[in-house]
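Here the structure comes first, spelled out in structure tokens, and everything after it is commentary.
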Amino acid sequence: MPELQDKRILLGVTGGIAAYKAAELTRLLVTAGARVQVAMTVAATRFVAAKTFQALSGRPVAVDLWAEDSGHGMAHIQLARESDLVIIAPASADFMAKLAHGLADDMLSTLCLARSCPLWIAPAMNQQMWVHPATQRNALQLAEDGVTLLGPAAGEQACGEVGPGRMLAPEAICAAIVARFAASGAAQTVAHSSVPVLARQRVLITAGPTVEKLDPVRALTNLSSGKMGYAVAQAAIEAGALVTLISGPTCLTPPGAARFIAVESAAEMLQAVNRQVPTSDIFISVAAVADYRPLQMHINKLKKSEAALTLELVSTVDILTQVAHSSHPPFCAGFAAETERLAELGEAKRQRKRLPLLAVNSAQDALGSDYNELLLLDDDGSHPLPRADKLTLARQFIDHLARLYTGS
Ligand SMILES: Cc1cc2nc3c(=O)[nH]c(=O)nc-3n(C[C@H](O)[C@H](O)[C@H](O)COP(=O)(O)O)c2cc1C
């Protein structure tokens, strides 16, 4: 059976260059078995004709709130009721602002307000528009309102600029929709289980490496890319969580709907975590925090000499252990990289750190790669998650965590 058989997806298209990609998304969703109803803003029809979507979806496209031929005259209510998921792709800056303020002055914005099913958006805009404080405020507001943000991705833009604001690829959006329906039960529609598994839970996540300075130009760090932690942040957002992501230096774009705190050293990460923990329900430590730092940070660059150099290192605070052992800890979960005896060493670590959930991966395979393989350890034993891309694994990890957290 196709993965989205019987699922009723309302695809909203707004006025941006990426509107042409929505045509491919329509095709992918239809191919996956979904019944796709397209609704467009007037601006979107300036980019791609409604006829294109009508041909691809096999249904008339809803544009005009006041159309004479709109059934019993309340098409926006009917469309909202008949959808298992509304996905806006691309979501323009303008449309995000409207959603964040609850405006309803056209067909698409009105049905968004009238729906009770999940609302996902895939923002797409010029990078200056995306980083503008107003857009960022709107993104956070939408996340707080339970809207799931997919992306945006970073890279070259149609306007010639480079940066965050590209719409996620149609394939990635379609895969996320398939994964969400699969997670909420193959036989169900999400309309009746529309509360996401971590709705409005405050989730604190650390990601990436830390950098321990030796002198102004040299540092001790590790090979963590941050990909797993950022994927966990994206998966938590998709599950409805309000995510704060604390990250060491990486080359990645943080997920749009996460509050983002950049740090460098283990000490800075500890400080940032300590500040956030009192207002967090869940803490997920994915960062590869340095276990040691140089005893001394030299103010001036160390001079090269022929003699051997011995560095004195001191251990850093184990952030996850400290949080998990505090008097009122949030629900704590961690990631551990091991090079051997994953189950045995991982379980010992989980016990030592007093964690309800630990995900162990093989350090050699996971670092820097787009793929991974996890062994989840909890009080019920071990649960292997076979090799997959990191976002897929992150979604499975978050589903598992949500089950433990809610006791379901
Ligand atoms: C050529 C062109 C390209 C545009 N591309 C984008 C875009 O990619 N993202 C965006 O948010 N706005 C873009 N805009 C601006 C929107 O089209 C404009 O804000 C419009 O009012 C959005 O309407 P809507 O939100 O009702 O669809 C573009 C405008 C033009 C003329």
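Both ligands and their constituent atoms are indexed starting at 1 by order of listing.
Using a distance-only test at 3.5 Å, with no hydrogens or angles considered, a donor-acceptor pair links the side chain of D215 to the main chain of V217. Looking only at distances, a side-chain donor or acceptor of R202 sits under 3.5 Å from a matching main-chain atom of T279. A donor-acceptor pair under 3.5 Å is formed between the side chain of T316 and the backbone N or O of A290. Put simply, the side chain of S280 never gets that close to the backbone of F283: no donor and acceptor are under 3.5 Å apart.
Within 4.0 Å of ligand 1, heavy atoms belong to protein residues T14, G15, G16, I17, T41, A43, F47, S92, A93, D94, F95, A124, M125, M129.
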Note to self: Evaluate Y292 against E212 for side-chain hydrogen bond (donor to acceptor under 3.5 Å, both in side chains), listing each step before the verdict.
What the structure shows: CA-CA 8 Å; Y292 297 94; E212 312 301 325; over 6 Å; no
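The side chain to side chain contact (heavy atoms under 4.5 Å, CB included) with L342 is formed by just one residue from the set E344, E338, E340; it is E338.
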